[in-house]
Amino acid sequence: MERINEARQALLEVSVNLKREKIPVEKAYGRVLAERIMAEMAVPPFRRSAYDGYAIRSEDIREASRKNPVTLKVTERIPAGSIGKHPVTKGTAARIMTGAKVPEGADIVVKHEDTCFTDTEVRFFMSAPGGNIAEPGEDVKQGICLMEPGKVIGAADAAVIAGQGMGQVRVFRKPVVGIVSTGSELVRRGKHLPEGMVYDTNPMLLAGYMQSHGMIPREWEIVPDDMEMLSDSILRALAAHDMVITTGGVSAGDFDYVPKAMERIGAIVLFHGLPFKPGGAMLAAVKDGKVILGLSGNPGAAAVGMLYVGLPYMKKLCGRSSIHLTKAQAVLSEPFGKSSRGIRILRGSARIQEGRLMFDQMENQRNGAVWSMMGCSLLGEVPAGNAGLLAGETINVYFI
Ligand code: AMP
Ligand code: MG
């Protein structure tokens, strides 16, 4: 655990160069806020009526009852968006609509259904308890800080920003992440598949997670297992993106050139090899202030490595202030039979049963199974040095 936390921390220590842009508020949903939003004005900005009814002085109807109703003179009608012409004085009432500014002199609004009225008169049968008036700032108080930079803008956030009258908001530019696939056996989709070759699927898998976390993935190139070509491709990818992710060629095989390519291009390696499965063969390096994350080629391993170790840094690269993995405890619904020396990461999905968060393992936990990632919403953490787990045992899980 220690080494994995250190690896995440090493990535987080790489300073990020955040760029900002201004966009229309209606496009801001899901983007990361890059400015502090202060309440320049109160919402609502004036005393407004919460109902259709009559704005009056509560004093005037204090004695009203079924037996002795009180009749007031209606002086005007105030639709929402209009301002009354007269203050409400003793013995008068203004017919008022929901959302309209309550005229001077009135301290309550009585719903019209609680009265009897004509165009010129309104009758009350009881004194009124409540105000039915929204005071200025009832929703948003003037002068308070509404949002800090780094927040992901949700539906209500965008509405609160619009409620301040802002048409545009400053957000962080989405980082663009280049994905390099390495492996002489890889063929691009849509092309003929010769014997012994496989389709290149990792960019699709990783790109989906990147997009859901607010990044722009860019499929860069498929590079054969060739030191020179790989180094060259990574260098060009670095120049064109905010971060580069490679998959494949990161272990200790004869043709695993990613570690050597890091040396060749002069990148500083932060870590290589972490004690978890699948995906622990990964490395991270820095060159020109940009991070290169070298992931295993196995789809399951690539996804686990990126999310379990790389995601906090990637969130930081988006400008987010909350970057840590969302952790919870879940109950295993099925046993996990395998013993493991290091940490084992299970792919699974979340389910609530009798108020408890359940972890349902994916059927196929093999490293190479991209299928095992379908519908996967949780990574479950089996602690190191485990002889297997029983159904009903609790494990740490991370939402991805
Ligand atoms: P490697 O990490 O290069 O040893 O690759 C491990 C396994 O993952 C091999 O079976 C590769 O064929 C497979 N693999 C590597 N890269 C990809 C990719 N981009 N898409 C699908 N499978 C891959
Ligand atoms: Mg390979």
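Keep in mind the model is a prediction, meaning the values are calculated, not measured. These numbers come from the heavy atoms of this one structure, side chains and all, not from hydrogens, waters or symmetry mates.
Checking S58 against D107 by side-chain atom types alone, a donor-acceptor pair falls below 3.5 Å. Inspection of the D52 and T98 side chains reveals an N or O donor paired with an N or O acceptor under 3.5 Å. In summary, the side chains of Y51 and E113 do not present any donor paired with an acceptor at a separation below 3.5 Å, with no hydrogens or angles considered.
The distance from atom CZ of F117 to atom OH of Y54, rounded to the nearest 0.5 Å, is 4.5 Å. Between the CZ atom of R189 and the CG atom of D200 there is a distance of 7.5 Å, given to the nearest 0.5 Å. Taken to the nearest 0.5 Å, the NZ atom of K290 stands 14.0 Å off from the CD1 atom of I234. Rounded to the nearest 0.5 angstrom, D225 CG and L186 CG are separated by 8.0 Å. In this structure, the separation between CE on M362 and CG on L378 is 8.0 Å, given to the nearest 0.5 Å. Atom NZ of K277 and atom CG of N298 lie 12.0 Å apart (nearest 0.5 Å).
Counting non-hydrogen atoms of other residues, nucleotides and ligands closer than 6.0 Å to CZ of F255 gives a total of 12 or fewer. Crowding of Y29 atom OH: a count of heavy atoms from other residues, nucleotides or ligands under 6.0 Å not exceeding 12. Counting non-hydrogen atoms of neighbouring residues, nucleotides and ligands closer than 6.0 angstrom, the CD1 atom of I268 reaches no more than 12 such neighbours. Few gaps surround CZ on R95; more than 12 heavy atoms of other groups in view lie less than 6.0 Å from it. Counting non-hydrogen atoms of other residues, nucleotides and ligands closer than 6.0 Å to CD of E26 gives a total above 12. Heavy-atom neighbours of Q329 CD from other residues, nucleotides or ligands within 6.0 Å: above the threshold of 12.
Between K287 and I292, the closest side-chain pair of non-hydrogen atoms falls below 4.5 Å. P217 is not listed as a side-chain neighbour of L206, based on a closest heavy-atom distance of 4.5 Å or more. Looking only at side-chain heavy atoms (C-beta outward), L390 and L332 stay at 4.5 Å or farther from each other. Under the 4.5 Å side-chain criterion, counting only non-hydrogen atoms from C-beta, M210 is in contact with I179. Between Q168 and I23 there is no side-chain heavy-atom pair separated by less than 4.5 Å. Between V110 and I61 there is a side-chain heavy-atom pair separated by less than 4.5 Å. Between D360 and E334 there is no side-chain heavy-atom pair separated by less than 4.5 Å. S49 places a side-chain heavy atom less than 4.5 Å from the side chain of V102.
Counting only distance, with no hydrogens or angles, the side chain of D60 and the backbone of G91 share a donor-acceptor pair below 3.5 Å. Using modelled atom types, no side-chain atom of T71 and backbone atom of V122 make a donor-acceptor pair closer than 3.5 Å. Checking side-chain atoms of E121 against main-chain N and O of T118 turns up no donor-acceptor pair under 3.5 Å. With hydrogens and angles disregarded, no donor-acceptor distance shorter than 3.5 Å links the side chain of T246 to the backbone of V180. The closest donor-acceptor contact from the side chain of N202 to the backbone of G297 lies under 3.5 Å. Of the possible polar contacts, one joining the E76 side chain to the K85 backbone as a donor-acceptor pair under 3.5 Å is found. No side-chain donor-acceptor contact under 3.5 Å links E219 to the backbone of P203. Looking only at distances, no side-chain donor or acceptor of H86 sits under 3.5 Å from a matching main-chain atom of P103. Looking only at distances, no side-chain donor or acceptor of K315 sits under 3.5 Å from a matching main-chain atom of R320. In this structure a side-chain-to-backbone donor-acceptor pair under 3.5 Å is present from S231 to M227.
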Take H192 and V187 through the test side-chain contact (heavy atoms from CB on, under 4.5 Å) and record every step on the way to the result. CA-CA 8 Å; H192 167 69; V187 174; over 6 Å; no

Does V309 form a side-chain contact (heavy atoms from CB on, under 4.5 Å) with F276? I'd like the steps, not just the answer. CA-CA 10 Å; V309 180; F276 70 92; 3.6 Å; yes

In sequence, state the C-alpha distance, the side-chain angles, and the governing distance for M243 and L293, and then conclude on side-chain contact (heavy atoms from CB on, under 4.5 Å). CA-CA 8 Å; M243 176 182 183; L293 210 55; 3.9 Å; yes

Using the rule given for side-chain contact (heavy atoms from CB on, under 4.5 Å), can you reason through I343 versus V382, listing the C-alpha separation, both sets of side-chain angles and the distance that settles it, and then say yes or no? CA-CA 6 Å; I343 292 169; V382 180; over 6 Å; no

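Contact check on D114 versus K111 returns no salt bridge, with no Lys/Arg side-chain nitrogen under 4.0 Å from an Asp/Glu carboxylate oxygen. Ion pairing between R264 and E228 holds under the 4.0 Å rule for side-chain N and carboxylate O. Ion pairing of R173 with D242 is absent here, as no side-chain N (NZ or NE/NH1/NH2) approaches a carboxylate O to less than 4.0 Å. For E381 and K327, the salt-bridge test fails: no basic side-chain N is under 4.0 Å from an acidic carboxylate O.
By the rule that hydrophobic residues join a cluster once side-chain heavy atoms approach within less than 4.5 Å of another member, V74 and V88 end up as members of separate clusters. Under a hydrophobic-cluster definition in which Ile, Leu, Val, Met, Phe, Trp and Tyr are linked whenever side-chain heavy atoms come within less than 4.5 Å, directly or via other members, W220 and M314 are assigned to different clusters. Clustering ILVMFWY residues whenever any of their side-chain heavy atoms sit less than 4.5 angstrom apart, transitively, puts L317 in the very cluster that holds L11.
Taking the ring axis of F336 as reference, the NZ or CZ atom of R344 does not stay both within 45° of it and closer than 6.0 Å to the ring centre.
Take R66 and apply the salt bridge (Lys or Arg N to Asp or Glu O under 4.0 Å) test, not counting sequence neighbours, and it matches no residue.
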